[in-house]
Number of protein chains: 2
Amino acid sequence: MPSHAHSHKKVIDLEAKSIELLKANGLSVTAPRKMILSLLLKEHGPFSAEEIFKKLPKYSCDQATVYRCLNQFVETQLVNTAYLEKELAHFEFNDPQHHHHHIICKLCKKIDSFHDCILDKIETNLLKKGYKDIQHRLEFFGVCETCQKA
Amino acid sequence: MPSHAHSHKKVIDLEAKSIELLKANGLSVTAPRKMILSLLLKEHGPFSAEEIFKKLPKYSCDQATVYRCLNQFVETQLVNTAYLEKELAHFEFNDPQHHHHHIICKLCKKIDSFHDCILDKIETNLLKKGYKDIQHRLEFFGVCETCQKA
DNA sequence: ATTACTTTGCAAGTAGTTTGCAAAAATATT
DNA sequence: AATATTTTTGCAAACTACTTGCAAAGTAAT
């Protein structure tokens with residue numbers, strides 16, 4: 001089988017998978033949503049909204065639509081957000097089988113990811129990887145008792 | 001000793017402590033810096049820049065100065081930041097003896113803090129505290145090998 | 001006290017993101 | 001399949017949190 005046939009098959013798969021995911025999450029199936037979700041399925045990220053917009057085929061949708069779609073994906077938990085640089089959201093497909101976290105270089109802003117999930121061990125591993133001057137941010141989000149009642 | 005004398009003493013202490021901390025971190029001692037740092041020493045936070053500005057005595061300084069001072073405090077690690085709501089930084093005094101993390105209610109945005117620092121245990125404890133639908137964000141920051149060389 | 005350097009207030013600017021609204025597309029109903 | 005209903009989109013304008021340029025004021029060093 002020639003490779004272009006194979007890659008075409010993959011695109012179809014991504015589109016099919018996107019449609020399935022959209023429906024499963026109660027979102028209607030539109031061209032921009034399919035494109036954005038396919039992109040996030042194909043490339044791992046995390047990407048900023050602007051990066052995603054630029055990666056889409058030209059004129060495939062407006063930047064406002066990218067933001068709207070991403071927010072809907074976050075609401076339905078199809079997508080996770082990371083806030084790695086001040087004031088700049090990064091988005092990536094939420095694959096529970098590949099739970100991971102990120103490290104960003106304070107200087108060049110390159111983002112790397114890792115799969116450890118216990119703090120001391122993580123920091124030791126990052127030191128072994130050559131990172132220096134490590135800090136972290138850990139934040140939890142939930143619904144408090146008061147809001148559960150209301 | 002009457003209580004107002006006691007509280008006056010405390011204010012003096014905070015001012016003295018602020019001056020000491022500013023000098024120790026190579027920052028010149030100005031009225032806005034003293035006021036902002038004293039506030040962060042007195043109240044635990046985390047507070048947004050706007051909250052801090054509103055807590056300061058009227059006309060004590062400009063909002064731009066609050067941002068500038070807070071950024072300097074973060075650079076010198078006098079202050080830590082948390083990004084709990086999208087696009088809104090929160091600041092609090094960095095007290096290494098009281099390392100902690102935050103949980104914010106997804107609905108009412110009330111911020112609570114806790115001192116556990118191992119993920120599974122934290123989540124169990126938060127569930128015991130009555131929070132539901134818990135998610136977390138854990139991000140690391142460091143200087144990568146490439147940037148160390150450059 | 002004088003000089004050199006730093007910080008501040010003000011107003012304008014910027015980046016990232018959101019929103020109102022009419023047109024277009026998607027889904028539901030017949 | 002055609003129509004009605006609901007949802008989504010593009011566009012432009014608005015918005016929020018934050019930053020910046022510059023002259024005036026304050027701080028620190030001599």
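It should be emphasised that the depicted structure is a prediction, and the values quoted were computed from it without experimental measurement. The figures that follow rest on heavy atoms only: side chains count, while hydrogens, waters and symmetry mates do not. In what follows, chains are A, B, ... by sequence order, proteins preceding strands, each numbered from 1.
- Salt-bridge check for A/Lys54 with A/Glu50: passed, with a basic side-chain N closer than 4.0 Å to an acidic carboxylate O.
- Under the 4.5 Å side-chain contact rule for hydrophobic residues, B/Val143 and A/Ile103 do not share a cluster.
- Rounded to an integer number of Å, the gap from B/Phe73 CZ to C/dT7 C1' is 12 Å.
- Residue A/Tyr67 is found outside any hydrophobic cluster, as its side-chain heavy atoms come under 4.5 Å of no other Ile, Leu, Val, Met, Phe, Trp or Tyr.
- Within residues 47-68 of chain B, the residues approached by DNA chain C to less than 4.0 Å at the level of any non-hydrogen atom are B/Ser60, B/Cys61, B/Asp62, B/Thr65, B/Arg68, in residue-number order.
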Would you write the dot-bracket representation of DNA chain C, where each base gets (, ), [, ], | or . depending on whether it forms a Watson-Crick or G-U pair under 3.5 Å and with which partner? ||||||||||||||||||||||||||||||
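- Residue pairs meeting the side-chain hydrogen bond (donor to acceptor under 3.5 Å, both in side chains) criterion with at least one member in residues 120-135 of chain A, sequence neighbours excluded, are A/Lys106-A/Asp133, A/Lys106-A/Gln135, A/Asp116-A/Asn125, A/Lys132-B/Gln148.
- Between A/His101 and A/Phe114, the ring planes lie tilted relative to each other; the angle falls in the 30° to 60° range.
- Contacts of residues 22-42 of chain B with DNA chain C (heavy atom under 4.0 Å): B/Ser28, B/Thr30, B/Pro32, B/Arg33.
- In this structure, the CD atom of A/Glu75 is 11 Å from the P atom of D/dT8, given to the nearest Å.
- Heavy atoms of other residues, nucleotides or ligands lying less than 6.0 angstrom from NE2 of B/His100 number more than 12.
- Atom OG1 in B/Thr76 sits 9.5 Å away from atom CG in B/Asn94 (nearest 0.5 Å).
- Within the structure, side-chain hydrogen bond (donor to acceptor under 3.5 Å, both in side chains) pairs that include any residue of residues 19-32 of chain B comprise B/Ser28-B/Arg33 (at least two apart or interchain).
- For C/dT17, the OP1/OP2 oxygens have no side-chain nitrogen or oxygen of A/Asn71 closer than 4.0 Å.
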